[in-house]
K.L.:
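My questions will all concern the structure given below.
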Number of protein chains: 2
Amino acid sequence: MKEAQNGLTNRQSLILRTVVESYIENGEPVGSKFLCECGRFTCSSATIRNEMAELEALGYLEQPHTSSGRVPTELGYRFYVDSLLESYNSTASDVERIKSALKEKRAELDQILTQASRLASSLTNYTGLAVRPGQGHGAFCRYEAICLSSRSLLLVMINPDGSAKTRNLRTDVDITKEDADTLARTLNSCIVGLSASEVTLPLMMRMEEMCAPASHLVSMAVKCIYETAIEKNDGDVRIDGVNRLLEYPEYSDTESIAGLLGLGDSKNALLDLVKESEELGGEAGDDVKILIGSENRLDALGSSALVFKTVKRGGRVVGAVGVIGPRRMKYQNVISMVDSLANGINELIGDDMLLPTADTERNNGNE
Amino acid sequence: MKEAQNGLTNRQSLILRTVVESYIENGEPVGSKFLCECGRFTCSSATIRNEMAELEALGYLEQPHTSSGRVPTELGYRFYVDSLLESYNSTASDVERIKSALKEKRAELDQILTQASRLASSLTNYTGLAVRPGQGHGAFCRYEAICLSSRSLLLVMINPDGSAKTRNLRTDVDITKEDADTLARTLNSCIVGLSASEVTLPLMMRMEEMCAPASHLVSMAVKCIYETAIEKNDGDVRIDGVNRLLEYPEYSDTESIAGLLGLGDSKNALLDLVKESEELGGEAGDDVKILIGSENRLDALGSSALVFKTVKRGGRVVGAVGVIGPRRMKYQNVISMVDSLANGINELIGDDMLLPTADTERNNGNE
DNA sequence: ATTAGCACTTGGGTAATGCGAGTGCTAAAA
DNA sequence: TTTTAGCACTCGCATTACCCAAGTGCTAAT
């Protein structure tokens with residue numbers, strides 16, 4: 001009895017693999033006769049039946065009903081995937097398509113992720129997923145104020161990574177370009193790096209003093225800043241191409257679809273999932289992660305599989321892209337695709353160093 | 001035979017209304033016996049049968065099969081909705097909820113619409129819809145460049161309505177704050193108001209000359225500007241809460257869901273729909289629009305109804321919000337809700353005058 | 001250890017059946 | 001002329017019975 005390292009004989013191993021692959025391909029339970037005739041085995045169907053019985057006892061296979069072929073269990077898929085993981089690699093053509101599709105979007109991370117989710121879906125014909133976790137507690141690292149008209153100004157809030165948010169502030173009294181400059185200077189010198197709870201009344205009063213005569217701008221601006229920061233910290237989840245799953249029989253019932261569609265609402269759970277699987281990190285932390293069935297605790301994904309990889313910038317996790325599909329997913333393609341996609345994004349966003357806060361910069365040049 | 005103005009007797013009219021309302025409520029074909037016993041009529045079921053037969057001949061009702069009750073046709077719904085339209089008004093509590101939910105989001109139009117779509121869905125328990133058409137051909141009306149570090153700057157592109165987009169530009173050679181200012185000045189004086197095809201090689205060369213020694217920034221910036229402008233002009237469609245429709249039996253089949261999910265892809269068609277129903281304008285142009293079944297030509301919505309209202313700023317249509325649901329939709333609630341929602345947004349975004357282009361402003365103050 | 005043969009299980013598809021709801025029509029009543 | 005009661009008829013739908021195919025487990029022979 002030749003044993004492989006996993007406690008399975010070579011033949012059992014091969015049977016398991018073949019069952020998984022056939023089931024992934026056809027979606028139908030596979031029986032001993034089919035296996036026997038597929039050419040990979042020299043023994044008879046009876047022998048295979050015996051082996052399958054054992055694989056079932058070991059928890060790798062199960063039958064939907066007595067008298068139907070076998071279907072892989074979660075454990076079965078897990079075995080298959082693990083033995084596969086060592087040796088995936090992307091096809092050159094896919095890598096090319098991904099690169100060219102991404103290159104067009106030399107935009108902010110948010111947009112890149114949206115695009116990535118769409119891409120993941122269209123390349124695999126499953127559902128695409130992109131996640132951006134909240135960007136730490138840190139607020140912005142610098143502010144600018146641009147005078148748009150006599151009664152409105154544009155507040156530019158700049159993140160350490162160079163991206164920015166803008167908001168329009170309208171006032172009831174006229175403001176000048178000098179007011180705007182003063183406001184920006186005040187914000188930069190007083191609240192950069194502070195969380196909302198650190199902004200105290202005395203501080204506010206000092207800022208308003210600094211900004212006189214346009215002191216009314218201060219509270220508007222600060223409120224606006226923390227509203228925006230909260231939004232930013234909220235994280236985000238993009239799901240694309242749920243409709244592609246409709247053509248797989250495992251999603252023909254309404255409930256499973258409802259679950260997937262509701263996924264956008266439970267974005268916190270998804271964010272946790274990514275964060276958590278990141279922590280188990282170590283060397284494997286950079287790999288493509290695969291969660292099959294109940295391995296994740298989102299019951300909406302209970303009958304699905306999730307393949308994803310984190311996107312990093314400068315060592316920090318800034319997002320993740322992946323694919324949601326049926327448990328019988330074409331793992332080889334999907335794994336390599338997700339890998340390429342994440343790598344492509346990593347490459348695109350580079351690992352630029354972070355920006356300094358405004359203080360240092362401002363001191364030379366503006367005044 | 002008392003005739004109302006529509007060519008229906010009063011009794012026929014009442015029967016039609018009752019059928020529609022009952023079908024909306026229960027989703028089941030309604031028969032003569034049920035009507036007879038509902039209390040609204042003094043005649044017998046046989047009489048009602050005769051009337052219903054006539055209503056069917058006139059095209060207001062139909063039977064799914066011989067020997068089932070009647071169901072309203074598109075025309076039937078249309079009759080019902082039209083006779084209803086004069087007299088809808090929002091419940092005070094709904095208006096309150098909408099206002100308070102919107103007030104929290106004093107953000108850009110894009111975000112407001114996203115929020116509106118979500119709100120529409122949750123308030124009606126149908127699918128929410130928000131549409132933002134492309135913002136004309138016009139590019140931006142002003143640019144600013146903020147120096148972030150020695151090798152990156154933030155390009156701020158400002159729309160006439162005061163909103164702005166930002167993009168990060170990275171270079172291989174060092175740049176100074178003066179370079180950034182020069183770039184902004186050049187952009188503002190040369191390409192404000194120009195469409196991409198109007199940017200000629202000679203113009204580019206002149207701009208690069210003006211920007212020396214940082215002339216390499218010019219082409220990056222211009223490219224970036226037109227990429228962003230294209231994106232902006234593309235319009236956008238938000239669809240939220242498709243899963244809510246799953247609980248209605250008319251969407252229990254996979255195809256109808258697939259159609260709705262695919263709706264995001266065919267955003268152009270939706271944009272057209274809004275634009276077009278706007279054009280028939282006149283006085284009715286400001287009303288809530290209702291498209292039932294094939295009244296719109298999106299076959300994905302063939303078995304659905306669409307209720308929406310445009311959102312305007314300063315007379316121009318800048319978006320639309322609405323609801324997608326089954327044809328047997330609770331029109332009274334939905335109409336009033338959509339109306340309130342659109343009004344709320346209109347109020348929120350105000351009709352601020354548009355900004356002037358940068359030239360005038362720049363001449364006093366900066367230099 | 002492998003194989004052939006056989007009885008057994010079971011899901012799914014198909015045809016037959018009965019039921020119920022609702023209609024259309026006709027003839028009588030108002 | 002309008003309304004009503006009565007009745008035969010039509011279908012959709014659920015239930016039942018039934019058969020078939022696929023696949024298994026087990027036993028006995030190789």
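The chains referred to below are lettered A, B, ... by the order of the sequence lines, with proteins before strands, and numbering in each begins at 1. Predicted model only: the values in this text are computed from it and were never measured.
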K.L.:
What is the separation between atom CD1 on Ile48(A) and atom C1' on dG23(D), rounded to the nearest whole Å?
P.N.:
13 Å
K.L.:
Expressed as a whole number of angstroms, how long is the span from Met52(A):CE to dC26(D):P?
P.N.:
15 Å
K.L.:
For DNA chain C, find the residues of residues 28-45 of chain B with a heavy-atom distance under 4.0 Å and give them by number; none if there aren't any.
P.N.:
Gly31(B), Ser32(B)
K.L.:
Roughly how many Å is it from CD1 in Ile15(A) to P in dT24(D), rounded to a whole number?
P.N.:
11 Å
K.L.:
So which pairs with a foot in residues 32-42 of chain B pass side-chain hydrogen bond (donor to acceptor under 3.5 Å, both in side chains), sequence neighbours left out?
P.N.:
Thr18(B)-Arg40(B), Glu21(B)-Arg40(B), Ser32(B)-Arg49(B)
K.L.:
Estimate the overall bend of the helix from dA1(C)-dT30(D) to dA30(C)-dT1(D) from the end axes over five pairs each, rounded to 10 degrees.
P.N.:
20°
K.L.:
Holding to ring pair (Phe, Tyr, Trp, His ring centres under 6.0 Å), I want the full list of residues that pass it with Tyr126(A), two or more places apart in sequence or in another chain.
P.N.:
Tyr248(A)
K.L.:
So, Tyr251(B) and Ser304(B): side-chain donor and acceptor under 3.5 Å apart, yes or no?
P.N.:
yes
K.L.:
Ignoring backbone atoms, establish whether Arg49(A) has a side-chain N or O less than 4.0 Å from OP1 or OP2 of dG5(C).
P.N.:
no
K.L.:
Asn50(B) CG to dG24(C) C1': how many Å, rounded?
P.N.:
9 Å
K.L.:
Could you work out which one of dG25(D), dT3(D), dT2(C) sits closest to the side chain of Thr47(B)?
P.N.:
dT3(D)
K.L.:
In chain order, what residues pass the salt bridge (Lys or Arg N to Asp or Glu O under 4.0 Å) check against Glu56(B), with sequence neighbours excluded?
P.N.:
Arg70(B)
K.L.:
Return the residues of residues 69-77 of chain B meeting this criterion: a heavy atom under 4.0 Å from some atom of DNA chain C. Order them by number, or give none.
P.N.:
Gly69(B), Arg70(B)
K.L.:
Provide the full list of ring pair (Phe, Tyr, Trp, His ring centres under 6.0 Å) pairs with a residue in residues 11-34 of chain B, sequence neighbours left out, each pair given once.
P.N.:
none
K.L.:
Apply salt bridge (charged side-chain N to carboxylate O under 4.0 Å, His left out) to the pair Arg327(A) and Glu250(A), showing each step before the final yes or no.
P.N.:
CA-CA 9 Å; Arg327(A) 298 217 284 225; Glu250(A) 30 269 275; over 6 Å; no
K.L.:
Using 30° and 60° as the class limits, which term best fits the ring planes of Tyr60(B) and Phe79(B): parallel, tilted or perpendicular?
P.N.:
perpendicular
K.L.:
Tell me every residue that passes salt bridge (Lys or Arg N to Asp or Glu O under 4.0 Å) with Glu54(A), counting only those two or more places apart in sequence or in another chain.
P.N.:
none
K.L.:
In chain order, what residues pass the side chain to side chain contact (heavy atoms under 4.5 Å, CB included) check against Ala116(B), with sequence neighbours excluded?
P.N.:
Val321(B), Leu341(B), Ile345(B)
K.L.:
I would like to know whether Lys309(A) and Asp287(A) meet salt bridge (charged side-chain N to carboxylate O under 4.0 Å, His left out); could you show each step before the answer?
P.N.:
CA-CA 7 Å; Lys309(A) 178 168 178 175; Asp287(A) 273 348; over 6 Å; no
K.L.:
Give, for atom CD1 of Ile48(B) and atom SG of Cys43(B), the distance between the pair rounded to the nearest 0.5 Å.
P.N.:
4.5 Å
K.L.:
What donor-acceptor contacts under 3.5 angstrom involve side-chain atoms of residues 253-265 of chain A, with partners at least two apart or in another chain?
P.N.:
unit_1: Asp253(A); atom_1: OD1; unit_2: Ser256(A); atom_2: OG; d: 2.8
unit_1: Ser256(A); atom_1: OG; unit_2: Asp253(A); atom_2: O; d: 3.0

K.L.:
Could you check which residues of residues 60-68 of chain B get a heavy atom under 4.0 Å from DNA chain D? Sort them by number, please.
P.N.:
His65(B), Thr66(B), Ser67(B)
K.L.:
Starting from C1' on dG24(C), measure out to CD on Glu56(B) and report it in whole angstrom.
P.N.:
11 Å
K.L.:
Can you list everything that forms a side chain to side chain contact (heavy atoms under 4.5 Å, CB included) with Asn333(B)? Sequence neighbours excluded, please.
P.N.:
Lys330(B)
